[in-house]
Amino acid sequence: MTMDTPFWNKEVETAPRSRIEEIQLQRLRETVGWALKTAFYKKKLTQVGIQSPEDIRGLEDLRRIPYTTKDDLRLSFPRGLLAVDMREVLRVHSSSGTTGIPTVIYFARDDVDRWTDLLARSIVGTGATDGDVFQNMMTYGMFTGGLGLHYGAERVGMTVIPIGGGNTKRQIQTMKDFQTTVLHVTPSYLLHIHSKLGEDGIGRADLALRKAFIGAEPHSENTRRKLQELLGIDAYNSYGLSELNGPGVAFECVCKKDMHLWEDAYIAEIIDPATGTVRRDGEEGELVLTNLVRRATPILRYRTRDLAFLHPPGCDCGRTHRRLSRILGRTDDMLIINGVNVFPSQIEERIMKIPEVATNYQIYVDKKGALDRLTVKVEIYPKLFLGEVAKLEALRHKIVEELRASIVISPLVELHEPGSLPVFEGKAKRVVDERPKD
Ligand code: AMP
Ligand code: ZN
């Protein structure tokens, strides 16, 4: 059975597997050519005997290329992975949740164009059209979620409201004023918005919502169902990461059975995170992605640290690109707090620089309503508790500000007396995550 669904680029989206592989091989060669222009890959590829695009004879030659990690990107900052002249760079993005040195991604004009096309394709695949009013609630700026979908929605011809993140009252008012039909939002924020409906006299019946693109953070099928029922909408999972452009790597179609990963633009592999061995369709492991459509910052075999599996080809919509499962976890300790990536090491690095802070601390995550809440509990030296309350409050405020500068979001900070937080004899368990797993 096939479902009657619209396409943005039917030929590519429904291409036979052999054609997809042909495109992949041609683009992989092209990408290797771009990569050889960067200081980082020139060294790395030469070491394994790849000196020109012709050294890639078949897709199996991808396996000769070593993996790339986030640390590689950090160490290449700022221009070790730049393959074009800066004059050709049209835009710069970076990843959230990086310690000290950010990871930076450059886009040339044709890179932005190809990325935008993947988003247009993703949007149309959900049944959204140029008749829709699109409220983009993702943060704009260096984070790719805002501008990525913005450009894609414009290409489709939707009416775009670039409202950005936060300010719930204004979001709801805007949904009513412009009769928004499609949202782009993190699932936790959408639940939060739902909890605020009705407060200013605007209820579900005053709105025209029909769809939401939800992504940037892990969520379950239950959360999707709940959102759909509470708001009377269809919700589609959207996956991406800045190293691979951002959103538009994988997106659900109208069948809502996991996300088509656009294989003409990305080569996906699932590997055993411990050994690096490549796994088969259906087997869970770490997702490794090669970007085939970015000239300014080529990325080959990037270890995403996201755990997932790939479905074998085939979908009722007729698309032939394999589907990626929900993200099942991470191989590292990265936390995602309301869509923002936070590494515990970032927090440690900052608080340990503050002289008043003693040695023990704890990172505590829970939920307040629908939203994630991050609390950093720190032990401070006992003499500080003998001073004025105002001074303690100033110190607490200083720690909040320091942390905000590093992790972008504002945590709650609690000051504790030495010895009051749990102590560990072995490996310290600094992170306590009490968010329900639903
Ligand atoms: P960033 O590079 O800041 O866009 O963050 C990318 C990371 O966010 C990914 O590696 C995932 O861990 C997470 N992420 C993005 N989209 C999803 C999604 N739909 N489901 C689960 N996690 C996601
Ligand atoms: Zn499909």
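Residue numbers start at 1 and run along the sequence shown. Numbering of ligands and ligand atoms starts at 1, following listing order. Keep in mind it's a predicted model, so treat the numbers as computed, not measured.
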Look only at the side chain of Asn338 and the backbone of Asp372, and say whether a donor-acceptor pair between them is shorter than 3.5 Å. yes

Suppose I only count heavy atoms of Leu241 and a 4.0 Å limit; which atoms of ligand 1 are within that range? 2 (O), 4 (O), 6 (C), 10 (O)

Considering Arg326, Met334, Arg305, Glu217 one by one, which has a heavy atom nearer to atom 22 (N) of ligand 1 than any of the others? Glu217

Cation-pi check, Arg121 to Trp262: give yes when NZ or CZ is under 6.0 Å from the six-membered ring centre and within 45° of the ring axis, no otherwise. yes

Within 45° of the six-membered ring axis of Tyr106 and under 6.0 Å from that ring's centre, is NZ or CZ of Arg79 located there? no

Before signing off on this row, confirm whether Asp306 and ligand 1 have an N or O atom pair separated by under 3.5 Å. yes

Is it true that Arg295 and Glu88 have a side-chain N and a carboxylate O under 4.0 angstrom from each other? yes

Atom indices of ligand 1 within 4.0 angstrom of Tyr239 heavy atoms, with elements: 16 (N), 17 (C), 19 (N)

Salt bridge between Glu252 and Arg224, side-chain N to carboxylate O under 4.0 Å? yes

Within the 4.0 Å heavy-atom shell around Gly215, which atoms of ligand 1 are there? 19 (N)

Of the non-hydrogen atoms in Trp115 and Asn245, which two are nearest, and what is the gap between them? CZ2-O, 3.1 Å

Is the distance from the Zn ion (ligand 2) to some N, O or S atom of Cys317 under 2.8 Å? yes

Take every heavy atom of Arg330, measure it against each atom of ligand 1, and state whether any distance is under 4.0 Å. yes

Aromatic centroids of Phe107 and His93 separated by under 6.0 Å: yes

Can you find an N or O of Ala216 that's nearer than 3.5 Å to an N or O of ligand 1? yes

With the Zn ion (ligand 2) at the center, what angle do SG from Cys315 and NE2 from His260 span, rounded to 10 degrees? 110°

Using the side chain to side chain donor-acceptor pair (under 3.5 Å) rule, pick out the option among Glu414, Glu348, Lys377 that qualifies with Tyr361. Glu348

Does only the side chain of Ser238 get under 4.0 Å from ligand 1, or the backbone, or both, or neither? Count heavy atoms. backbone

Answer yes or no for Ser95: is there a heavy-atom contact with ligand 1 below 4.0 Å? yes

Near Ser242, which atoms of ligand 1 are under 4.0 Å from a heavy atom of that residue? 1 (P), 2 (O), 4 (O)

